[in-house]
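For reference, the structure discussed in these notes is given below.
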Amino acid sequence: MVRRKGSERPFALYYWIIQVLIVLSIVAVVIWLSTRPRSPKFTITNVYTNRNFSKAQQNETIQNSSLGFVLDITNPNNGMTICYVNIIMKLHNDGFLIGSKSVEAFCQGQKKTVTKEMLYDLDQQVRVGGDDGLRVTVETMIKYHIFKWKTKIRHLGFEGFVKMGKNFTENIYLHKTPYVTE
């Protein structure tokens, strides 16, 4: 009969405990990566106005007209609902705020797209054309609902640029910016 040393048995137990901890930590990382929320995507799919812009009007200013946007809001997450506390869409022209609209609070299911229409009455003068065009900013506060768990409120900001003088044929994807209150 071969006699074992007493020190080999605790080493095997420690080795087994370390293996179990490594497997559990890998499982925890995989679960965390699969449930980590992604930001919503904002896309301007249509811009319309009650005025027609010709090549001769590229650098003119307009006043007392309406400008409409169709905004698509997409939730790219699986298994997560996004609840929007508020969405504020602002228009800037030459660095000045020319319009601001807000959307009522709503919740959006997983992998869903919601379309919102925003109509602005432009009382101020707006320069048509130029290199900058209109800067569109979207500020929102959201909460994620992951299964039965709710996250804290997150502030997000997005922006994009719309050229006024051209025919609108492509979608404008608003990119994420640091959230700054003005």
Side-chain angles (χ1 to χ4, degrees), residues 1-47 69-92 95 97 99-118 132-163 168-182:
M1 182 151 123
V2 178
R3 188 168 186 196
R4 289 188 176 177
K5 293 182 181 179
S7 63
E8 289 180 7
R9 189 173 298 153
F11 179 72
L13 180 63
Y14 294 140
Y15 185 67
W16 181 81
I17 290 173
I18 289 173
Q19 286 178 338
V20 169
L21 289 176
I22 289 172
V23 168
L24 289 176
S25 63
I26 290 172
V27 168
V29 166
V30 167
I31 290 173
W32 177 73
L33 287 175
S34 66
T35 61
R36 189 175 65 182
R38 292 184 294 181
S39 296
K41 294 181 175 53
F42 290 88
T43 308
I44 297 174
T45 56
N46 193 10
V47 178
F69 292 89
V70 177
L71 182 68
D72 283 353
I73 307 165
T74 304
N75 179 2
N77 297 303
N78 281 328
M80 287 180 227
T81 299
I82 297 178
C83 286
Y84 298 89
V85 177
N86 69 350
I87 297 174
I88 301 170
M89 185 172 169
K90 297 179 180 179
L91 297 179
H92 303 269
L97 179 67
S100 178
K101 292 283 182 184
S102 63
V103 176
E104 69 281 351
F106 67 95
C107 288
Q108 181 181 25
Q110 59 183 351
K111 293 288 188 185
K112 301 265 189 218
T113 299
V114 174
T115 300
K116 297 289 182 179
E117 191 168 336
M118 312 285 244
D132 295 338
L134 288 177
R135 182 171 68 105
V136 178
T137 60
V138 173
E139 298 169 358
T140 183
M141 295 187 326
I142 61 172
K143 269 201 280 191
Y144 294 101
H145 291 210
I146 306 169
F147 306 114
K148 300 270 182 193
W149 176 61
K150 296 178 185 175
T151 65
K152 63 181 182 176
I153 293 178
R154 300 170 189 234
H155 298 269
L156 299 175
F158 298 86
E159 80 172 352
F161 295 91
V162 176
K163 300 282 186 183
F168 191 82
T169 56
E170 72 250 8
N171 293 340
I172 298 172
Y173 299 98
L174 303 182
H175 60 276
K176 192 172 179 181
T177 60
Y179 180 76
V180 178
T181 58
E182 294 180 11

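We count residues from 1, following the sequence as given.
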**Asked** Should we say atom NZ of Lys111 is surrounded by more than 12 heavy atoms from elsewhere, each under 6.0 Å from it?
**Response** yes

**Message:** Could you check whether any side-chain heavy atom of Thr113 comes within less than 4.5 Å of a side-chain heavy atom of Lys41, counting everything from C-beta outward?
**Reply:** no

**Request:** Please confirm whether the backbone N or O of Gly99 pairs with a side-chain atom of Lys90, one donor and one acceptor, at under 3.5 Å?
**Result:** no

**Asked** If you round to the nearest 0.5 Å, how far is OH of Tyr84 from CD1 of Ile153?
**Response** 14.0 Å

**Asked** Which is it for His175 and Glu159 under the side-chain contact (heavy atoms from CB on, under 4.5 Å) test, yes or no, and what are the steps along the way?
**Response** CA-CA 6 Å; His175 60 276; Glu159 80 172 352; 3.5 Å; yes

**Request:** Given side-chain contact (heavy atoms from CB on, under 4.5 Å), test Phe106 with Val114 step by step and report yes or no.
**Result:** CA-CA 10 Å; Phe106 67 95; Val114 174; 4.1 Å; yes

**Partner of Phe42 under ring-ring contact (aromatic ring centres under 6.0 Å, His included), chosen from Tyr173, Phe69, Phe158** = Phe158

**Polar side-chain atom of Gln108 near backbone of Ile73 as donor-acceptor pair, under 3.5 Å** = yes

**Message:** Please give me the minimum heavy-atom distance between Thr45 and Asn171, naming the atom from each residue.
**Reply:** CA-OD1, 3.6 Å

**Asked** Is the backbone N or O of Arg38 less than 3.5 Å from a side-chain atom of Asn77, with the two atoms forming a donor-acceptor pair by type?
**Response** yes

**Message:** How long is the straight-line distance from CE of Met80 back to CD1 of Ile146, given to the nearest 0.5 Å?
**Reply:** 4.5 Å

**Prompt:** Can you find a pair of side-chain heavy atoms, one from Leu97 and one from His92, that are under 4.5 Å apart?
**Reply:** yes

**Request:** Please round to the nearest 0.5 Å and tell me the distance separating atom CG of Leu71 and atom CG of Asn46.
**Result:** 11.5 Å

**Any donor-acceptor pair under 3.5 Å from Thr81 side chain to His145 backbone** = no

**Message:** Would the distance check show the side chain of Asn75 and the main-chain N or O of Lys112 forming a donor-acceptor pair, the cut-off being under 3.5 Å?
**Reply:** no

**Asked** So does Lys116 pair up with Glu104, basic N to acidic O under 4.0 Å?
**Response** yes

**Asked** Are side-chain heavy atoms of Val136 and Leu91 found at a separation under 4.5 Å?
**Response** yes

**Request:** Could you point out which residue of Pro37, Pro40, Ser39 forms a side chain to side chain contact (heavy atoms under 4.5 Å, CB included) with Ile142?
**Result:** Pro40

**Item:** Distance in Å, Met89 CE paired with Met118 CE, rounded so as to fall on 0.5 Å steps
**Value:** 5.5 Å

**Check: Asn86 main-chain N/O paired with Thr140 side-chain donor or acceptor under 3.5 Å** = yes

